[in-house]
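Worksheet: the structure to be examined is printed underneath.
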Amino acid sequence: MERVYLTTPLYYVNAEPHLGHTYTTVIVDTLSRYHRNAGRETFFLTGTDEHGDKIAQAAKENGTDPKAYADRISQLFRSTWDQCGITYSHFIRTTDAYHVEFVQKVLRDIYDKGDIYFGEYGGFYCYGCERFYTEKELVDGQCPDHQKAPDYISEKNYFFRMGKYQDQLIDAIHSRPDFIRPERYRAEVLAFLREPLEDLCISRPKTRLQWGIPLPFDGNYVTYVWFDALLNYVSALNHRGEDIFQAFWPRANHFIAKDILKPHGIYWPTMLMAAGLPLYERLNVHGYWIMDSGKMSKSLGNVIRPLEMKERFGMDAFRYFLLREMAFGQDAKFSEEALVTRINADLANNLGNLVSRVLAMQQKYFAGVVQALSASWPAEDCALRDKFAQAEGELNGFIAELQFHRALEAIWSALDHANRYIVQTAPFTMIKEPAKQSRVGEILHHLLEVVRTLARLLAPFMPDTANELRALLALPDDKTALHAPWGQGFQPGHQIDGPKVLFPRIETDAKK
Ligand code: MSP
């Protein structure tokens, strides 16, 4: 059986779940559902990254110890994803005992092999990023991410011979064109690799940081947070069994935003090489959500919280917006105005109206009882069926390229076709002529096929809505009901429910 392994980053527990985390988690959830519906065995990993300075500091500010603090925020992530209906297979915490043990084993192996050595290092250290910067990387002497001058630190530490693997990494990227995608991020990693790759400092002395995994060969040091966190992608599978690791690792697809491209595009593959493990299949990199009001931050009071969005607009509407608005790889703007516009136009007016119109006519003209189709169909009926088949084909292609917004566009283009079909066939006029009743029955049968097809196509993107459509059609909750070919989804005489408002219009004070 074909398998897929999909991962989100492990989110730091120094912030509560927000829009950015939600986006990555939602796209991975969408893909997981898509692959599962297509019959592929899917392993979806998410979790929390809990060691390091950042967390130790956040815990201190909260007047608690790091473990208690990490427990609380990690649980918050987990319960948020549960309440959002995220179908992860495993939730890993970097403080889980099996993960700690695995990190220590890998450190020991790489040390024994001679790829970790002890040395002195002086450099510019940004506490926000938890890493050293080269002078070249600083912008006007400041960390480009935190707009703060880093501290100069000189100390003895352990180093990973990352430079040793530079050529091997360049070869791997050249020989596998979609190892890192989209192309711009592959180009960015290759550009980093044009400069000699320095060895990576992978320890912190305990005198400076206690909150980390102790090095197995020197108890005075803990391991660097990235060396710890990246290994989660392997430790989680291993924890589930060697066979699970063997089955899923070759199909590893990581999903991240561009902020953590370097650790995933450079540190991680070289670590895998040193550990003697095969490389991941693909690194998939998306852009940033930008707020109208500037960078999302607590102090600006513009943090978008997923559960609040769910409460106010519904989870499916929020998912739809995220997937429809951002072109994977590029930045996108978030505003509530844009969200409401999309809900009203695409969901309430278009999708919602079509469904309630079809169900209302079916109810009014035939008391909800599905009528028979004739043996040969007029051209307009075939065109409607073909349009949805075409949309499904396009959708598959777009999903393979991670173009979620275009996949949704393909569905909505078929929806437009269905709306035109209603206008052109005009069952509401025809029903007045008793001789044309059976034709009206056929038209509505085809329109019910539209709703059934929508339930199938929308399932990965808007799972609750898809399920609701299926329930409105009184179809059983099994795959065959939704996957039957067009025209074979309903027996004549099948009884369906009346209409329901799926997406209420959101009234806005337009003049504000
Ligand atoms: N702990 C590290 C990752 C370790 S992975 C082994 C980390 N954590 S994080 O909490 O900062 O999460 C960063 C990730 O959150 C991004 O790569 C992205 O997936 C998501 N996002 C956070 N803010 C974002 C936006 N504004 N826009 C889009 N996604 C963003 O880095």
Side-chain angles (χ1 to χ4, degrees), residues 6-12 15 17-32 34 46 49 84 86 128-129 131 137 139 143-147 173 177-192 226 230 253-268 280-297 300 302-306 309 318-339 341-342 346 397-410 460-461:
L6 307 167
T7 70
T8 73
L10 293 202
Y11 304 116
Y12 285 131
H18 61 56
L19 169 69
H21 310 126
T22 310
Y23 177 70
T24 319
T25 309
V26 162
I27 54 174
V28 174
D29 184 66
T30 300
L31 279 173
S32 292
Y34 173 80
T46 191
D49 186 357
C84 290
I86 301 298
C129 300
R131 74 171 177 100
E137 287 178 302
V139 178
C143 159
D145 270 0
H146 293 88
Q147 277 93 42
I173 298 175
D178 57 0
F179 182 56
I180 300 173
R181 63 176 177 173
E183 171 59 31
R184 58 197 291 198
Y185 298 111
R186 175 175 181 264
E188 208 173 298
V189 170
L190 283 171
F192 280 138
W226 277 106
L230 287 162
N253 268 263
H254 299 312
F255 287 81
I256 59 166
K258 59 186 180 181
D259 54 337
I260 50 178
L261 177 60
K262 196 170 178 183
H264 283 81
I266 295 183
Y267 304 172
W268 182 220
Y280 51 77
E281 182 175 51
R282 264 191 221 111
L283 177 62
N284 306 282
V285 189
H286 64 76
Y288 249 46
W289 282 98
I290 315 285
M291 303 297 294
D292 264 357
S293 43
K295 208 176 166 180
M296 204 167 30
S297 77
L300 282 175
N302 62 356
V303 177
I304 303 293
R305 295 183 181 84
M309 292 289 118
F318 185 46
R319 281 172 78 109
Y320 174 78
F321 177 78
L322 295 180
L323 294 162
R324 178 65 186 77
E325 198 75 5
M326 179 177 262
F328 191 92
Q330 289 163 35
D331 290 350
K333 267 203 176 157
F334 184 91
S335 74
E336 243 182 66
E337 208 185 324
L339 171 66
T341 304
R342 281 237 175 262
D346 299 1
F398 289 135
I399 295 253
E401 295 165 15
L402 308 178
Q403 297 294 310
F404 304 103
H405 69 301
R406 301 195 64 187
L408 288 169
E409 264 173 12
F461 308 95

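Side chains are part of it too, since the values below use all heavy atoms of this structure and drop only hydrogens, waters and symmetry mates. Note that the coordinates shown come from a computational prediction; the quantities given were computed from them, not determined experimentally.
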- Note on the structure: For Lys333 and Glu325, the nearest pair of non-hydrogen atoms, with its separation, is O-CG, 4.3 Å

- Task: Using modelled atom types only, decide if a donor and an acceptor are shared between the side chain of Arg186 and the backbone of Ile180 within a distance under 3.5 Å.
- Result: no

- Item | Arg324/Phe461 under side-chain contact (heavy atoms from CB on, under 4.5 Å): CA gap, chis, key distance, verdict | CA-CA 10 Å; Arg324 178 65 186 77; Phe461 308 95; over 6 Å; no

- Task: Indicate yes or no: at least one non-hydrogen side-chain atom of Leu19 is less than 4.5 angstrom from one of Leu322.
- Result: yes

- Under the side-chain contact (heavy atoms from CB on, under 4.5 Å) rule, what do Ile173 and Leu190 come out as? Steps first, then yes or no, please. CA-CA 8 Å; Ile173 298 175; Leu190 283 171; 3.9 Å; yes

- Report yes if the side chains of Asp331 and Lys258 come closer than 4.5 Å at any heavy-atom pair, otherwise no. yes

- Would the number of heavy atoms belonging to other residues, nucleotides or ligands and lying under 6.0 Å from CD of Glu337 be above 12? no

- Verdict with reasoning, Thr46 to Val28, per side-chain contact (heavy atoms from CB on, under 4.5 Å): CA-CA 9 Å; Thr46 191; Val28 174; over 6 Å; no

- Message: Closer than 3.5 angstrom, by distance alone: can the side chain of Asn253 be matched with the main-chain N or O of Leu6 as a donor-acceptor pair?
- Response: no

- How long is the span from the CG atom in Leu261 to the CD1 atom in Ile266, to the nearest 0.5 Å? 7.5 Å

- Crowded around Arg406 CZ? As in, over 12 foreign heavy atoms under 6.0 Å? no

- Query: Would you say Tyr11 and Thr24 make side-chain contact, with heavy atoms under 4.5 Å?
  - Reply: yes

- Note on the structure: Closest non-hydrogen atoms of Ala257 and Gly287, given as atom of the first, atom of the second and distance, are CB-O, 4.0 Å

- Note on the structure: All heavy atoms of Thr30 vs all of Arg319, minimum pair found to be OG1-NH2, 3.2 Å

- Item | Heavy-atom side-chain proximity of Glu137 to Lys262 below 4.5 angstrom | yes

- Query: Out of curiosity, Phe318 CZ to Ile304 CD1, how far, rounded to the nearest 0.5 Å?
  - Reply: 7.0 Å

- Query: Would you find a donor on one side and an acceptor on the other, under 3.5 Å apart, between the side chain of Asn284 and the backbone of His254?
  - Reply: yes

- Item | Check: His286 and Phe255 side chains under 4.5 Å, non-hydrogen atoms | no

- For the residue pair Tyr280 and Thr7, confirm or rule out a side-chain donor-acceptor distance under 3.5 Å. no

- Supply the atom-to-atom distance Thr22 OG1 to Asp29 CG, rounded to the nearest 0.5 angstrom. 11.5 Å

- Query: Step by step, would you call Arg181 with Leu402 a side-chain contact (heavy atoms from CB on, under 4.5 Å)?
  - Reply: CA-CA 10 Å; Arg181 63 176 177 173; Leu402 308 178; 3.7 Å; yes

- Query: Got a second to check how far Phe328's CZ is from Ile399's CD1, nearest 0.5 Å?
  - Reply: 12.0 Å

- Query: Can you find a heavy atom in the side chain of His264 that is under 4.5 Å from one in the side chain of Trp226?
  - Reply: yes

- For Val189 against Gly265, the heavy-atom pair lying closest together: CG1-O, 3.9 Å

- Enter the distance from Met326:CE to Phe321:CZ here, rounded to the nearest 0.5 Å. 10.0 Å

- Note on the structure: When every non-hydrogen atom of Cys129 is compared with those of Cys143, the smallest separation belongs to SG-SG, 3.7 Å

- Main-chain N/O of Gly329 paired to Tyr185 side chain as donor or acceptor, under 3.5 Å: yes

- Task: First locate atom OH of Tyr34, then atom CZ of Phe404, and finally report the distance between them rounded to the nearest 0.5 Å.
- Result: 10.5 Å

- Message: So which atom in Asp49 and which in Tyr12 form the shortest heavy-atom distance, rounded to 0.1 Å?
- Response: OD2-CE2, 3.2 Å

- Could you check if a side-chain atom of Asp292 sits within less than 4.5 angstrom of a side-chain atom of Asn302, using non-hydrogen atoms only? no

- Message: When you compare the side chain of Met309 with that of Glu336, does any pair of heavy atoms fall below 4.5 Å?
- Response: yes

